[in-house]
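For the single chain, residues carry numbers from 1 onward in sequence order. Fair warning: this is a prediction, and the values are worked out from it, not measured in the lab.
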Amino acid sequence: MGGYRVLGQVWGGWWRGPGVSSARKVAGFGTEARHQLQPRGSSKRSGSLGNQSFPGLLQPENLSREELVDVLRASVVDQKGPLVTLNKPQGLPVTGKPGELTLFSVLPELSQSLGLGEQELQVVRASGKEASGLVLLSSCPQTASRLQKFFACSRRAQRPTATYWAVTDGIPATSEGKIQAALKVEYVDGVGSVVPVKSPSRKDILEGVKRTLSHFRVVATGPGCALVQLQPVTVFPSQLQVHMVLQLCPVLGDHRYSARVGTVLGQRFLLPADSTKPQKQVLDEALLRRLHLTPAQAAQMPLHLHLHCLHLPGSRPRDAPIELLAPLPSYFSRTLQCLGLCQQ
């Protein structure tokens with residue numbers, strides 16, 4: 001299907017890649033990569049923002065159940081055998097409270113819409129609410145179980161299986177490396193916020209503190225901004241956003257954690273996480289001019305974090321891995337163009 005590439009094919013309800021010697025990797029935004037990452041053509045729908053600041057951005061909270069099913073069906077970028085892959089819009093939660101409109105809540109209707117009959121889809125892997133990008137679904141419980149075991153084994157072996165693209169306010173001090181931090185979720189007035197924990201004790205770990213790890217690589221830079229490839233090894237809520245804040249380079253559109261980065265005389269520093277309240281991201285005037293945004297528009301900017309690639313195993317140990325790719329949202333592509341962030 002347009003704008004998406006899958007290496008390999010489905011064979012007997014599982015993935016095989018006959019004739020494929022190795023999984024091809026998209027390392028940046030060269031000619032081939034730019035072609036693959038072009039957004040699919042989109043039609044105007046209820047819930048879509050009509051301005052040019054963030055083209056293609058949906059407002060899922062304004063959609064009815066039927067409209068959301070239509071959006072998700074149009075977001076299907078591959079369907080082979082039991083596996084269905086979506087390119088999830090930013091802002092759509094995967095799960096939520098009973099009665100809330102989420103991806104999970106409309107899976108029965110989506111399964112029917114895709115002609116799966118009684119084979120209801122279940123979520124295997126998904127980007128978080130505020131991120132856009134890949135969602136892997138399966139109508140076969142056995143296939144879903146195999147893939148979930150593969151992802152769990154990969155985490156234990158510290159092998160990344162997911163690749164995100166992020167646009168950051170600021171440039172990391174090094175071009176690539178690892179980000180390690182112990183994180184926990186703190187609740188204030190029923191709202192959870194992720195905070196780092198220095199030198200966690202054994203008791204802290206037992207009480208929910210988790211040691212997290214992500215790999216990063218700077219793909220391109222511009223004045224005061226960067227395009228960064230992120231590969232989480234562990235899984236924790238808001239892990240990538242918090243990790244980039246710890247690098248003093250919050251993700252564009254991060255209106256929850258970016259306030260933890262302060263600036264004095266051009267020098268950035270971390271503010272205490274436990275006493276810094278979330279607020280709309282504030283960008284400097286030079287960056288706003290390049291983005292052609294007013295401060296009020298920037299306060300509505302979506303998070304520029306996109307789950308671009310997933311690696312799946314072949315059906316046999318010697319088979320090449322399978323690479324799933326999802327195109328960037330239109331607003332993300334516009335930001336890259338405005339900031340001059342291209343492959344370097």
Which atom pair, heavy atoms only, marks the closest approach of Val261 to Pro250? CG2-CD, 4.0 Å
Distance (rounded to the nearest 0.5 Å) between Gln148 CD and Gln122 CD: 6.5 Å
Answer yes or no: is there a donor N or O on one side and an acceptor on the other, between the side chain of Gln90 and the main chain of Glu130, under 3.5 Å? yes
Beyond-backbone contact of Pro172 with Val228, side-chain heavy atoms, under 4.5 angstrom: yes
Begin with the C-alpha distance, continue with both residues' side-chain angles, and end with the deciding distance and a verdict on side-chain contact (heavy atoms from CB on, under 4.5 Å) for Lys184 and Val195. CA-CA 6 Å; Lys184 69 175 181 179; Val195 298; 3.6 Å; yes
Nearest heavy-atom approach of Leu240 to Pro232 is CD2-CB, 4.0 Å
Indicate yes or no for a side-chain donor-acceptor contact from Tyr257 to the backbone of Val194 under 3.5 Å, with no hydrogens or angles considered. yes
First locate atom CG of Leu227, then atom CD of Gln229, and finally report the distance between them rounded to the nearest 0.5 Å. 9.0 Å
Does the ring centre of His306 sit less than 6.0 Å away from the ring centre of Trp165? no
Quick one about Thr161 and Arg155 (side-chain donor to acceptor, distance below 3.5 Å, no hydrogens or angles considered), yes or no? no
With no hydrogens and no angle check, do the side chains of Thr212 and Gln239 hold a donor and an acceptor under 3.5 Å apart? no
For the backbone of Cys309 and the side chain of His311, can you confirm whether one donor and one acceptor N or O come within less than 3.5 Å of each other? no
Does any part of the side chain of Leu68, heavy atoms only, come nearer than 4.5 Å to the side chain of Leu110, both counted from C-beta? no
Check whether Glu67 reaches the backbone of Ser64 with its side chain - one donor and one acceptor, N or O, closer than 3.5 Å. yes
Test item: Pro327 and Asn87 side chains (from C-beta on) under 4.5 Å apart, heavy atoms: yes
Do the side-chain N and O atoms of Ser113 and Arg73 include a donor-acceptor pair separated by under 3.5 angstrom? yes
Is the gap between the ring centers of Phe216 and His243 under 6.0 Å? no
So do the side chains of Cys225 and Leu341 get within less than 4.5 Å of each other, counting heavy atoms only? yes
Is it the case that Gln231 and Thr163 place a side-chain donor and acceptor less than 3.5 Å from each other? yes
Could you check whether any side-chain N or O of Arg268 sits under 3.5 Å from a backbone N or O of Gly262, counting only pairs where one atom can act as donor and the other as acceptor? no
With side-chain contact (heavy atoms from CB on, under 4.5 Å) as the criterion, how do Val123 and Leu107 come out once you've worked through the C-alpha distance, each side chain's angles and the decisive distance to 0.1 Å? CA-CA 9 Å; Val123 178; Leu107 283 181; 4.0 Å; yes
Backbone N/O of Ser201 and side chain of Asp204: donor-acceptor pair under 3.5 Å: yes
For residues Thr335 and Cys338, determine if any side-chain heavy atom of one lies less than 4.5 Å from a side-chain heavy atom of the other. no
If you round to the nearest 0.5 Å, how far is CG of Leu303 from CZ of Phe332? 9.0 Å
Do the side chains of Leu183 and Val242 get nearer than 4.5 Å, heavy atoms only? yes
